[in-house]
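A short worksheet on the structure shown next.
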Number of protein chains: 2
Amino acid sequence: MDRERTERPMEPGLVQSVDRAARILELLSEQPAMGVSEVSRELGVHRSTAFRLLATLEARNLVEQVDVRGDYRLGLGVLRMAGALTARSDLTRDAQACCDEMAGRLNETMNVSIFDADAAVTITQASGDQMIGVARQYVGQRVPLHATSTGKLLLAHAGLSEQQRVLTAPLERFTASTIVEPAQLAAELERVRERGWATAVAEWEEGTNAVAVPVRGAGGAVIAALSVTAPSYRLPESGFEDVVAALREGADDLGARSGYLRPESAAH
Amino acid sequence: MDRERTERPMEPGLVQSVDRAARILELLSEQPAMGVSEVSRELGVHRSTAFRLLATLEARNLVEQVDVRGDYRLGLGVLRMAGALTARSDLTRDAQACCDEMAGRLNETMNVSIFDADAAVTITQASGDQMIGVARQYVGQRVPLHATSTGKLLLAHAGLSEQQRVLTAPLERFTASTIVEPAQLAAELERVRERGWATAVAEWEEGTNAVAVPVRGAGGAVIAALSVTAPSYRLPESGFEDVVAALREGADDLGARSGYLRPESAAH
DNA sequence: CGCGAGTGTTGCTGATAGTGCAACAGTGTT
DNA sequence: AACACTGTTGCACTATCAGCAACACTCGCG
């Protein structure tokens with residue numbers, strides 16, 4: 001159900017209170033609003049500690065209280081950082097337009113993701129207008145490389161060292177269909193490279209399928225992945241090939257503008 | 001030139017290291033990348049201190065190094081927060097679309113701003129394709145209420161207590177034309193309410209003019225401001241009325257969707 | 001080539017800054 | 001009215017974090 005419980009004790013050499021503050025921001029990215037007590041319970045600290053952390057974040061506009069003596073939520077200061085971040089590259093902006101357009105055509109949830117260290121990061125998302133769809137907000141979310149269509153696609157075109165690292169580390173299981181055997185994953189990656197697109201059939205979330213195609217920038221390198229996600233009854237395996245054609249169009253449009261975000265994303 | 005030097009010693013009861021970390025994020029929102037030493041100088045702390053703060057932020061993906069032993073910049077974790085923030089309201093998304101469309105029509109820099117405590121916050125921005133334009137990225141930026149078109153418009157329609165607060169506090173001067181006399185500002189606000197739009201003629205930045213109109217949501221309340229900003233030679237005072245007509249169209253479109261972001265924005 | 005000034009990074013140690021405690025002031029429920 | 005909550009604030013202790021100094025390294029200059 002909740003798939004992020006990083007209750008690690010924090011590596012030494014880091015600043016404890018800053019780490020806790022950052023975790024608060026993470027929490028507030030998942031839940032729309034939280035009270036002081038709720039935060040303190042989640043962090044495992046005293047209420048007063050959580051309060052002071054929140055008060056500090058509030059002074060810098062990173063969080064705000066919905067009203068006096070009320071819950072806290074993310075503040076508008078976040079916008080400034082987000083603006084500065086997206087201003088750095090055209091890809092984010094172009095990807096948003098691409099997602100919006102494709103979501104209108106396919107009427108399903110679209111994602112554009114990029115490779116980052118040990119995960120695929122969704123940089124853009126647009127939803128179809130169907131009642132049943134992808135509920136969660138995935139923008140900025142780090143999803144595993146071995147259990148999602150975008151993850152597998154990006155990993156298949158990443159550097160060998162990156163692939164080795166994922167293949168040697170234990171593969172976490174999320175559903176009954178999740179690939180957890182390294183050999184099986186290696187074969188899957190090979191197939192992804194051959195046919196030029198990747199899938200995820202209930203491997204990350206039960207009852208949910210996804211298809212991803214590469215976005216190629218100047219020089220032909222894979223700079224991102226464009227994907228569709230939908231309930232399995234609306235996107236069955238038999239329909240994958242049809243979607244791929246549509247996806248390719250969008251991905252080529254996006255790639256043609258050859259936006260780039262992290263030139264060193266493959267390097268380490 | 002640099003108009004933000006909040007070298008205040010930090011109020012008691014706040015967590016020092018978290019405050020410093022937040023300031024790092026602010027700095028990285030202004031400059032695209034900074035080294036450890038640069039950050040330490042800016043914060044007035046030792047290099048090792050700045051390093052550990054950055055390392056902690058990096059562990060939570062809020063910043064990242066451009067390469068090993070290199071500068072730091074904002075990380076992709078910021079996207080997650082931004083995604084969660086904008087997902088809370090339709091206004092941000094609709095405003096972006098509105099800005100984009102208007103920027104295409106007027107070929108100038110468009111902004112949508114909302115009222116927040118003691119400043120106007122730009123939640124959306126789109127630029128025309130002219131070479132000379134608004135250089136700075138303003139999204140998430142807090143601009144003064146008395147020296148900008150959006151600020152004056154929002155203030156004119158804010159609660160009386162808010163207006164009183166601004167009128168009694170000292171009005172900072174930014175250019176020769178900045179209104180610093182409370183009585184003069186009060187008269188200006190009255191004029192804004194009468195004619196239904198606000199201007200800023202080189203009051204915030206020399207050689208730059210701006211015009212703002214209200215965005216009215218369900219119930220007729222002013223929920224945001226839509227504005228155009230341009231060099232004074234392209235947007236002279238004589239041309240204001242023409243732009244207003246175009247702005248009104250966009251603002252009405254936007255308001256018709258009656259998005260809402262902060263229902264309690266006027267309360268305190 | 002070697003110097004010097006710059007960088008990012010890392011143990012160590014003392015004192016400061018931040019934590020937990022307890023108590024207060026509220027609100028809504030029992 | 002008692003209770004169980006909430007967010008908030010002074011206080012005192014001690015764990016935490018800032019500063020120092022040294023390291024490894026890169027760059028530019030002589």
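In what follows, every chain begins at residue 1, and chains take the letters A, B, ... in the order their sequences are listed. Hydrogens, waters and symmetry mates play no part in the numbers below; they use all other heavy atoms, side chains included.
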Distance in angstrom units between [X] [atom1] and [N] [atom2], rounded:
{"X": "B:L14", "N": "D:dT9", "atom1": "CG", "atom2": "P", "result": "10 Å"}
{"X": "B:H46", "N": "C:dT13", "atom1": "NE2", "atom2": "C1'", "result": "14 Å"}
{"X": "B:E58", "N": "C:dT10", "atom1": "CD", "atom2": "P", "result": "11 Å"}
{"X": "A:R47", "N": "D:dG7", "atom1": "CZ", "atom2": "P", "result": "7 Å"}
{"X": "A:Q16", "N": "D:dT14", "atom1": "CD", "atom2": "C1'", "result": "12 Å"}
{"X": "B:E38", "N": "C:dT7", "atom1": "CD", "atom2": "P", "result": "9 Å"}
{"X": "B:R20", "N": "D:dA18", "atom1": "CZ", "atom2": "P", "result": "6 Å"}
{"X": "A:L43", "N": "C:dT19", "atom1": "CG", "atom2": "P", "result": "10 Å"}

Distance check: side-chain N/O of [X] vs OP1/OP2 of [N], anything under 4.0 Å?
{"X": "A:T49", "N": "C:dG20", "result": "yes"}
{"X": "A:Y72", "N": "D:dT6", "result": "no"}
{"X": "A:R41", "N": "D:dC5", "result": "no"}

Judged by atom type as modelled, is there a donor-acceptor pair below 3.5 Å linking the side chain of A:S40 to the main-chain atoms of A:A50? no
Is a side-chain N or O of B:H146 found less than 3.5 angstrom from the main chain of B:L155, in a donor-acceptor match? no
Minimum-distance nucleotide (side-chain atoms of [X] versus [options]):
{"X": "B:Q65", "options": "C:dT9, D:dT6, D:dC17", "result": "C:dT9"}
{"X": "B:S48", "options": "D:dC20, C:dG8, C:dT19", "result": "D:dC20"}
{"X": "A:V15", "options": "C:dT19, D:dC17, D:dT6", "result": "D:dC17"}
{"X": "A:R52", "options": "C:dC21, C:dG18, D:dA18", "result": "C:dC21"}

Of A:S37 and B:G44, whose nearest nucleotide on DNA chain D comes first from the 5' end? A:S37
Partner of A:I114 under side-chain contact (heavy atoms from CB on, under 4.5 Å), chosen from A:V222, A:I123, A:T122: A:I123
Between B:E30 and A:R80, does at least one N-O distance fall below 4.0 Å, as a salt bridge requires? yes
Quick test of your reading of the model: are B:D118 and B:R165 salt-bridged, counting only N-O distances below 4.0 Å? no
Worked check of side chain to side chain contact (heavy atoms under 4.5 Å, CB included) between A:K152 and A:L145: CA-CA 5 Å; A:K152 287 193 287 187; A:L145 293 167; over 6 Å; no
Identify the stems formed by DNA chain D, where each pair is Watson-Crick or G-U wobble with both distances under 3.5 angstrom and a stem is at least 3 consecutive pairs. C:3-6 with D:25-28, C:8-24 with D:7-23, C:26-30 with D:1-5
Looking at side-chain heavy atoms only, is the closest gap between B:L76 and B:N61 below 4.5 Å? no
Which part of the nucleic acid, if any, lies within contact of A:S17, taking any heavy atom under 4.0 Å across all strands shown: a base, the sugar-phosphate backbone alone, or nothing? sugar-phosphate
